[in-house]
Amino acid sequence: QVRLVESGGGLVQAGGSLILSCGASGRTFSVNAMGWFRQAPGKEREFVAGISWSGGSTIYADSVKGRFTISRDNAKNTVYLQMNSLKPEDTAVYYCAARASPEVVTTTHSWGSWGQGTQVTVSS
């Protein structure tokens, strides 16, 4: 079993920046691709960004392209999400996810491990 713990959420003004971190523990040898999802009140959970094990392949949702950057440090079993130029519509609970397969996919049901989430609130 893989345990994922997110940190770094908080309240920020529009135009500001935040860095989210997600540390993996447990059966980390089974972790391959990692990603970030978010869920706003009353909405479905949606894909934000994903990264392959090597970091050589990244995918972003159109809504965050050019503003968010995903990266990982495999020595620390940690994935990061640098969020710049934040907008009020970025307000959501952000979840870290991991899967045993190398492919980065955008469908929620394709990810086997999830963190508890961290709240990001962007004020206008």
Side-chain angles (χ1 to χ4, degrees):
Q1 188 173 354
V2 175
R3 181 169 180 253
L4 303 174
V5 179
E6 304 95 337
S7 61
L11 173 64
V12 63
Q13 289 189 330
S17 299
L18 280 176
I19 301 176
L20 304 183
S21 300
C22 172
S25 60
R27 297 170 62 92
T28 56
F29 60 86
S30 66
V31 171
N32 208 321
M34 297 190 76
W36 289 94
F37 289 72
R38 66 186 182 186
Q39 188 166 17
K43 295 187 177 181
E44 293 187 354
R45 192 170 299 189
E46 65 175 4
F47 174 82
V48 175
I51 187 168
S52 62
W53 188 88
S54 68
S57 176
T58 56
I59 297 178
Y60 295 93
D62 287 344
S63 58
V64 307
K65 278 181 183 176
R67 300 189 298 122
F68 291 11
T69 302
I70 188 171
S71 61
R72 66 190 294 170
D73 184 337
N74 291 333
K76 296 181 179 180
N77 293 313
T78 300
V79 64
Y80 305 94
L81 186 67
Q82 172 73 52
M83 305 186 294
N84 298 327
S85 302
L86 283 161
K87 305 175 181 180
E89 50 264 43
D90 293 319
T91 295
V93 176
Y94 283 71
Y95 296 90
C96 175
R99 63 195 307 258
S101 299
E103 291 181 276
V104 177
V105 295
T106 62
T107 50
T108 307
H109 67 265
S110 299
W111 297 77
S113 300
W114 293 88
Q116 293 299 307
T118 185
Q119 176 71 47
V120 171
T121 303
V122 184
S123 63
S124 58

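Quick note: numbers below take in every heavy atom, side chains included, and nothing from hydrogens, waters or symmetry partners. Just so you know, these numbers come straight off a predicted model, no measurement behind them.
Of the possible donor and acceptor atoms, one in the side chain of Glu6 sits under 3.5 Å from a partner among the backbone N and O of Gln116. Using a distance-only test at 3.5 Å, with no hydrogens or angles considered, a donor-acceptor pair links the side chain of Arg99 to the main chain of Ser110. Of the possible donor and acceptor atoms, none in the side chain of Glu46 sits under 3.5 Å from a partner among the backbone N and O of Arg38.
Rounding to the nearest 0.5 Å gives a distance of 14.0 Å between NZ of Lys87 and OG of Ser124. Taken from CZ in Arg3 to OG in Ser113, the straight-line distance is 12.5 Å, to the nearest 0.5 Å.
Nearest approach of Ser21 to Tyr80, heavy atoms of both residues: OG-CD2, 3.4 Å. The two residues Ala14 and Pro88 have their closest heavy-atom pair at CB-CD, 4.1 Å.
Heavy-atom contacts from other residues, nucleotides or ligands closer than 6.0 Å to CD of Glu103 number 12 or fewer. Other residues, nucleotides and ligands contribute only 12 or fewer heavy atoms inside 6.0 Å of the CH2 atom of Trp53.
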Practice item. Step by step, work out the side-chain contact (heavy atoms from CB on, under 4.5 Å) result for Val105 and Phe47. Key: CA-CA 9 Å; Val105 295; Phe47 174 82; over 6 Å; no

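For the pair Asn84 and Ser17, the minimum side-chain heavy-atom distance is below 4.5 Å. By the 4.5 Å heavy-atom criterion applied to side chains, Ser52 and Pro102 are not counted as neighbours.
Within the structure, side-chain hydrogen bond (donor to acceptor under 3.5 Å, both in side chains) pairs that include any residue of residues 65-74 comprise Asp62-Lys65, Arg67-Asp90, Arg72-Asn74 (at least two apart or interchain).
Hydrophobic clustering, defined by side-chain heavy atoms of Ile, Leu, Val, Met, Phe, Trp and Tyr closer than 4.5 Å, groups Met83 together with Val2, Leu4, Val12, Leu18, Leu20, Val31, Met34, Trp36, Val48, Ile51, Tyr60, Val64, Phe68, Ile70, Val79, Leu81, Leu86, Tyr94, Val120, Val122.
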